[in-house]
Colleague: 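I am attaching a structure below and will ask some questions about it afterwards.
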Amino acid sequence: MAGKNRSKLSETTNISQLTGCIGAELTGFELDRLDKFDAAFIYKALLKHQVVFFRDQNFSPSSLVSFAKRFGRLETPHAGLRRLPRHPNLILVETKGGIGSAKYNEIWHSDGSFNFTPPKITVMQAIKLPNVGGDTLFASMYSAYNSLSKPIKKIIHKMEAFHDGVNAFRASFIDPDTKRAAVDGEDKLKRMQSDYPGAIHPVVIQHSETGRKALYVNRLFTTRILGLSDVESRNLLNLLFEHAEQSTFQVRWRWTKGDVVMWDNRCTMHFAAMDYGKKHRIMHRATIRD
């Protein structure tokens, strides 16, 4: 698509909104051959729809890195994640024999919310898929916030919550067969504890580019609300989790090999359905710094 002007781009591409709250499929793009107008068009669609989907983008890991870099600097994966060999900025998301990344991906979460500066965007490509299952669901945290009652909005307006990633990834440092620390597991756990001690974020954030308010808690990483008792914090968080995870705010994507998905971590959560038993599933993922 390189070399097109703006009017030509709009004639050859299409945006199909997938639900009333979140998600759009973009067609007419070859993601390994983008120009600056393509990238700007995609980013505008991302800000509007929160997550965008592209079918049949069968390109190499190097092309995935190049595509992701068009939207910012890539993060280096933390110790709890597997890196793709020869591509240190790409994450290997793999589940086989019922073991792998599914332990933390089948719980609603926003990537890296336990980081002081969480990632802005995540990009993921489907490499190997089970014959059935393995969909990923996304939820709009704009819609989750907007649909809260006024009394609840008033209660949480200035609250802050603590987000912790160490416990969520603790299983990554354990050998599933021996139930003991994996090779380098203890060192990786200590590095994770040192590099990511957790972070405090507002319960309600304002998106840095759209200006829209979003609920910013998730079941995997948000552990408590500051200033409340344990009982108050636990019950208020459970209320917010259950509210945000309603199907009303969701879109579900059925992957095919080569698909690429981009989502905005500032206003979405996601959940990978572990409904394919012991079948093999491989995804490549890049996260982009805020």
Side-chain angles (χ1 to χ4, degrees), residues 78-81 101-119 122 137-174 176 179-181 185-186 188-208 212-250 265-274 287 290:
H78 60 69
L81 299 170
S101 303
K103 289 293 183 183
Y104 49 87
N105 281 321
E106 64 172 347
I107 303 174
W108 282 101
H109 64 284
S110 176
D111 287 336
S113 70
F114 54 86
N115 198 340
F116 180 76
T117 305
T122 299
L137 294 79
F138 301 87
S140 170
M141 299 305 273
Y142 289 149
S143 297
Y145 173 75
N146 290 337
S147 62
L148 286 169
S149 65
K150 288 183 178 180
I152 297 298
K153 285 181 179 178
K154 186 175 181 180
I155 289 172
I156 67 174
H157 177 58
K158 293 185 178 181
M159 286 184 167
E160 294 179 317
F162 183 73
H163 297 241
D164 177 28
V166 174
N167 283 334
F169 287 97
R170 195 175 292 274
S172 302
F173 310 114
I174 303 298
K179 308 302 181 184
R180 297 180 180 180
E186 290 184 2
K188 289 181 177 180
L189 176 59
K190 290 178 181 178
R191 195 184 323 144
M192 183 85 180
Q193 291 169 327
S194 174
D195 294 346
Y196 299 92
I200 296 170
H201 300 296
V203 171
V204 178
I205 64 170
Q206 187 169 16
H207 194 287
S208 58
R212 298 177 64 185
K213 289 183 178 180
L215 192 60
Y216 196 71
V217 295
N218 64 86
R219 193 177 293 274
L220 182 59
F221 298 131
T222 311
T223 59
R224 69 169 294 120
I225 296 178
L226 277 60
L228 301 184
S229 70
D230 288 345
V231 172
E232 291 169 335
S233 172
R234 182 172 64 252
N235 283 280
L236 181 54
L237 279 176
N238 283 335
L239 181 154
L240 297 175
F241 294 155
E242 186 174 349
H243 172 77
E245 294 167 4
Q246 293 181 82
S247 59
T248 303
F249 312 134
Q250 298 174 18
N265 282 293
R266 297 164 291 185
C267 56
T268 68
M269 296 191 302
H270 59 282
F271 175 105
M274 180 60 180
T287 51
D290 201 355

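Only this structure's heavy atoms are used, side chains among them; waters, hydrogens and symmetry mates stay out. Quick caveat, the model's predicted, so the values are computed rather than measured. Positions are given from 1 along the sequence.
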Colleague: Restricting to non-hydrogen atoms, name the atom on Val217 and the atom on Met269 that form the minimum distance, rounded to 0.1 Å.
Modeller: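 In this case the closest contact between Val217 and Met269 is O-SD, 3.6 Å.
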Colleague: For the atom pair CG (Leu239) and CG (Leu148), what is the distance rounded to the nearest 0.5 Å?
Modeller: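 Separation between the atoms: 8.0 Å.
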Colleague: Checking Lys158 side chain against Pro202 main chain: does a donor-acceptor pair fall under 3.5 Å?
Modeller: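 It does not hold such a pair.
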Colleague: Checking Ser110 side chain against Asn265 main chain: does a donor-acceptor pair fall under 3.5 Å?
Modeller: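 Indeed, once roles are kept as given, a pair shorter than 3.5 Å links the two residues.
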Colleague: How about Ser147 and His243: does a side-chain donor come under 3.5 Å of a side-chain acceptor?
Modeller: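 Per modelled atom types, Ser147 and His243 side chains form a pair under 3.5 Å.
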Colleague: What closest approach, in Å, do Glu245 and Gln250 show between heavy atoms, and which atom pair accounts for it?
Modeller: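 Between these two residues, the closest heavy atoms are O-NE2, 2.6 Å.
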Colleague: Atom CG of Leu137 and atom CH2 of Trp108: how far apart are they, to the nearest 0.5 Å?
Modeller: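 That separation rounds to 5.0 Å.
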Colleague: Which distance, rounded to the nearest 0.5 Å, do you find between the CD1 of Ile200 and the CG of Leu226?
Modeller: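 It comes to 4.5 Å.
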Colleague: Taking the side chain as every heavy atom from C-beta outward, state whether Phe221 and Pro118 have any pair of such atoms under 4.5 Å apart.
Modeller: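 A side-chain contact is absent here, since even the closest heavy-atom pair is not under 4.5 Å.
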Colleague: Side-chain donor-acceptor pair under 3.5 Å between Asp111 and His270, yes or no?
Modeller: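 Yes, side-chain donor-acceptor contact under 3.5 Å.
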Colleague: What's the spacing between Ile155 CD1 and Leu236 CG if we round to 0.5 Å?
Modeller: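 Output value for this atom pair is 7.0 Å.
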Colleague: What closest approach, in Å, do Ala214 and Tyr142 show between heavy atoms, and which atom pair accounts for it?
Modeller: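 Heavy-atom minimum between the residues: CB-CD2, 3.8 Å.
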Colleague: Kindly give the heavy-atom pair with the smallest separation between Arg219 and Phe241, and that separation in Å.
Modeller: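 Shortest heavy-atom contact: NH2-CB, 3.3 Å.
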Colleague: Do Asp230 and Arg224 make a side-chain contact, defined as non-hydrogen atoms from C-beta onward lying under 4.5 Å apart?
Modeller: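 They are in contact (side-chain heavy atoms under 4.5 Å apart), so the answer is yes.
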Colleague: Do you know which two heavy atoms are closest between Lys153 and Asn146, and how far apart they sit?
Modeller: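 That would be NZ-O, 3.2 Å.
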Colleague: Val203 versus Thr222: any side-chain heavy-atom pair under 4.5 Å?
Modeller: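 Side-chain contact under 4.5 Å: no.
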Colleague: Can you see whether Asn218 engages Ser113 through a side-chain donor-acceptor pair at a distance of less than 3.5 angstrom?
Modeller: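 Per modelled atom types, Asn218 and Ser113 side chains form a pair under 3.5 Å.
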Colleague: In terms of ring plane angle, is the pair His163 and His201 parallel, tilted or perpendicular, where the classes change at 30° and 60°?
Modeller: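 The rings of His163 and His201 stand perpendicular, inter-plane angle above 60°.
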Colleague: Is there side-chain contact between His207 and Met141, with heavy atoms separated by less than 4.5 Å?
Modeller: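 Heavy-atom side-chain distance check fails, nothing below 4.5 Å.
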Colleague: So, taking the atom named CD1 in Ile205 and the one named CZ in Arg212, what distance separates them when rounded to the nearest 0.5 Å?
Modeller: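 One finds 12.0 Å between CD1 of Ile205 and CZ of Arg212.
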Colleague: Just how far is it from atom CG of Leu228 to atom CD of Glu160, taken to the nearest 0.5 Å?
Modeller: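 That separation rounds to 11.5 Å.
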Colleague: Which heavy atom of Gly165 sits nearest to which heavy atom of Phe114, and what is that distance?
Modeller: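 Answer, listing the atom of Gly165 first, then Phe114: N-CB, 3.3 Å.
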